[in-house]
Asker: 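What follows is a single structure, and I will ask about it in a moment.
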Amino acid sequence: MQQPSDTAETAAHFTQADDGFLPTRYAQSHWGEDHLNGPAIVGLAARALESECGSREFRPTRLTVDLFRAARNVRTVVDVRVVRDGRRVHGAECDVIQDGRSVARATLVQYRPSSAPPGTLWQSVQTFADASGMPVPDGTILPFVGSDDVGWTRSPAEHQNASRKRFFNDGIRVVANEQNSPFVRAAMVAEATSLVTNLGTAGIGYINGDLTVAMSRLPADDWIGIQADSHHAADGVAVGTATLFDSLGAFGAGLTTAIANPAAQIDFSTRHFRVGDINYE
């Protein structure tokens, strides 16, 4: 298992401030100077739900986050509530709140693991990338971006093409001085479903309004891969799906819906990426 580097351990999306959280520069988005990125909000919601509602007897299986307002660079709080406390299924909700208004709402479904039913089911054959060509983490926090046409690089600028995209990352900490759990790490990497499905020849012009990530198990590694499966678009509305991978194989899937936002199109070819520029939306 790849362990986080010292550099990665010092980076975080938020610092804790009493009963709230203050965004850091790592939480900033390319969509606007005062916007927070999707992984920061998804990670904060996932952390809160797992912290307050997680159980060793249950497995987090589906997280859905509706990003219905632009999150800003201001103090942020979370409000968690249990909506179902059953024998086999647990459900909880979380509001991410800024200035008294909810900017995102997350739903977590947890199932109690059990034995599999009898029978053999169809399964698709899925591979993330050629093992001989897999990138090797080098101690920096910049993730890897890949495409069929180019291979792997450290920024999306070289991947503004029409081929299949993939992303490989370990996710920085949600809150400073606190390790991410495997669930939180997977949720943040899954937010790159929007990146790998909506990145085209002119950059990204669709902004996702949600994320759903479903997992049959938790990831076995710190570094997680996500690869585009499908992209459908009509009249400025897009739907993208992707598969999550670790060293054991595929373990989950991401789904996003997105709306055209050409006025704020992100053209990565005009931007210079540094070690600290870890989020691409």
Side-chain angles (χ1 to χ4, degrees), residues 12-29 31-32 34-112 171-191 193-194 207-215 218 254-259 279 281:
H13 290 298
F14 295 93
T15 58
Q16 196 148 14
D18 297 325
D19 59 345
F21 305 90
L22 296 176
T24 73
R25 68 183 182 92
Y26 294 101
Q28 302 309 300
S29 168
W31 286 113
D34 192 35
H35 289 206
L36 303 189
N37 61 60
I41 299 302
V42 167
L44 189 65
R47 172 193 175 275
L49 285 163
E50 184 179 43
S51 297
E52 298 195 27
C53 302
S55 167
R56 292 185 178 181
E57 297 180 3
F58 285 79
R59 179 174 299 169
T61 305
R62 177 177 61 81
L63 175 71
T64 297
V65 185
D66 290 311
L67 305 162
F68 42 72
R69 286 191 180 92
R72 307 290 182 174
N73 188 26
V74 297
R75 181 176 175 274
T76 306
V77 298
V78 292
D79 176 36
V80 176
R81 54 201 171 273
V82 174
V83 296
R84 181 177 180 181
D85 188 10
R87 185 177 64 87
R88 300 186 66 191
V89 181
H90 279 188
E93 290 181 343
C94 170
D95 280 325
V96 179
I97 301 168
Q98 294 184 331
D99 294 329
R101 297 198 311 170
S102 179
V103 297
R105 177 166 297 163
T107 302
L108 174 65
V109 176
Q110 301 180 91
Y111 292 154
R112 184 187 295 275
I172 67 168
R173 295 183 177 193
V174 176
V175 177
N177 303 316
E178 180 181 302
Q179 291 279 6
N180 291 333
S181 70
F183 168 65
V184 170
R185 188 180 307 115
M188 287 197 296
V189 174
E191 210 278 336
T193 299
S194 180
I207 183 169
N208 61 307
D210 58 34
L211 167 71
T212 294
V213 53
M215 293 176 280
L218 292 173
L255 166 71
T256 62
T257 65
I259 188 168
N279 295 301
E281 293 183 73

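In this chain, residues are counted from 1 in sequence order.
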Asker: With ring-ring contact (aromatic ring centres under 6.0 Å, His included) as the rule and sequence neighbours excluded, what pairs involving residues 61-83 come up?
Answerer: none

Asker: Run the side-chain contact (heavy atoms from CB on, under 4.5 Å) test on Val82 and Cys53 for me, step by step, so that the C-alpha distance in whole Å, both residues' side-chain angles and the decisive distance to 0.1 Å come before the verdict.
Answerer: CA-CA 7 Å; Val82 174; Cys53 302; 3.9 Å; yes

Asker: Quick one: does any side-chain atom of Arg62 pair with a main-chain N or O of Val109 as donor and acceptor, under 3.5 Å?
Answerer: no

Asker: Go through it in stages, so that I can follow the logic: the residues are Val174 and Phe21, the test is side-chain contact (heavy atoms from CB on, under 4.5 Å), and I'd like the CA-CA distance, side-chain angles, deciding distance and then a yes or no.
Answerer: CA-CA 10 Å; Val174 176; Phe21 305 90; over 6 Å; no

Asker: Report the distance from atom CD of Gln179 to atom CZ of Arg185, rounding to the nearest 0.5 Å.
Answerer: 7.5 Å

Asker: Using a distance-only test with no angle check, is there a side-chain donor-acceptor pair under 3.5 angstrom linking Glu191 and Asn208?
Answerer: yes

Asker: What is the minimum heavy-atom distance between Ala12 and Val175, and which atoms define it?
Answerer: CB-C, 3.9 Å

Asker: Going by the rule salt bridge (charged side-chain N to carboxylate O under 4.0 Å, His left out), which residues pair with Arg59 if we only count those two or more places apart in sequence or in a different chain?
Answerer: none

Asker: How are the rings of His90 and Phe58 set to each other: parallel, tilted or perpendicular (split at 30° and 60°)?
Answerer: parallel

Asker: Taking the side chain from Asn73 and the backbone from Leu36, do they hold a donor-acceptor pair closer than 3.5 Å?
Answerer: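 Checked: no pair found.
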
Asker: Please name all residues satisfying side-chain hydrogen bond (donor to acceptor under 3.5 Å, both in side chains) with Ser102, sequence neighbours left out, ordered by chain then number.
Answerer: Asp95

Asker: Kindly state each residue pair satisfying salt bridge (Lys or Arg N to Asp or Glu O under 4.0 Å) with at least one member in residues 69-80, sequence neighbours excluded.
Answerer: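 Pairs touching residues 69-80 that pass the test: Asp19-Arg75, Asp79-Arg81.
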
Asker: Is a donor on one side and an acceptor on the other found under 3.5 Å between the side chain of Thr107 and the backbone of Glu93?
Answerer: no

Asker: Report the distance from atom CG of Asn177 to atom OG1 of Thr15, rounding to the nearest 0.5 Å.
Answerer: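 It is 9.5 Å, given to the nearest 0.5 Å.
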
Asker: Could you report the tightest heavy-atom contact between Ala106 and Val65, atom names first, then the distance?
Answerer: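 Taking every non-hydrogen atom into account, CB-CG2, 3.9 Å.
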
Asker: Out of curiosity, Ile207 CD1 to Thr257 OG1, how far, rounded to the nearest 0.5 Å?
Answerer: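 Nearest 0.5 Å value for the CD1-OG1 distance: 11.5 Å.
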
Asker: Checking Thr76 side chain against Val74 main chain: does a donor-acceptor pair fall under 3.5 Å?
Answerer: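 Yes, because the side chain of Thr76 sits within donor-acceptor range (under 3.5 Å) of the backbone of Val74.
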
Asker: Going by salt bridge (Lys or Arg N to Asp or Glu O under 4.0 Å), name the pairs with one or both residues in residues 40-58, residues two or more places apart or in two chains.
Answerer: Arg47-Glu178, Glu57-Arg112

Asker: More than 12 heavy atoms of other residues, nucleotides or ligands under 6.0 Å from OH of Tyr111: is that the case?
Answerer: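 Counting neighbours around OH of Tyr111, 12 or fewer heavy atoms of other residues, nucleotides or ligands fall under 6.0 Å, so no.
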
Asker: Specify the closest pair of heavy atoms between Met188 and Gly43, including all atoms of both residues, with the distance to one decimal.
Answerer: CG-CA, 3.5 Å

Asker: Write down the atom of Ile41, the atom of Ala71, and the distance for their closest heavy-atom approach.
Answerer: CD1-CB, 3.6 Å

Asker: Tell me every residue that passes salt bridge (charged side-chain N to carboxylate O under 4.0 Å, His left out) with Asp210, counting only those two or more places apart in sequence or in another chain.
Answerer: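 For Asp210, no residue satisfies salt bridge (charged side-chain N to carboxylate O under 4.0 Å, His left out) once neighbours in sequence are set aside.
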
Asker: Verify side-chain contact (heavy atoms from CB on, under 4.5 Å) between Leu67 and Leu211, making sure each step is shown before the conclusion.
Answerer: CA-CA 8 Å; Leu67 305 162; Leu211 167 71; 5.5 Å; no

Asker: Looking at Asn37 and Gln28, what are the two nearest heavy atoms and their distance?
Answerer: ND2-O, 3.2 Å

Asker: Let me confirm one number: the CE-CZ distance from Met215 to Phe183, rounded to the nearest 0.5 Å.
Answerer: 5.0 Å

Asker: Looking only at heavy atoms, what is the nearest atom pair of Gly20 and Val77, with distance?
Answerer: CA-CG1, 3.9 Å

Asker: Could you grab the distance from atom CG of Leu22 to atom CZ of Phe14, nearest 0.5 Å is fine?
Answerer: 9.5 Å

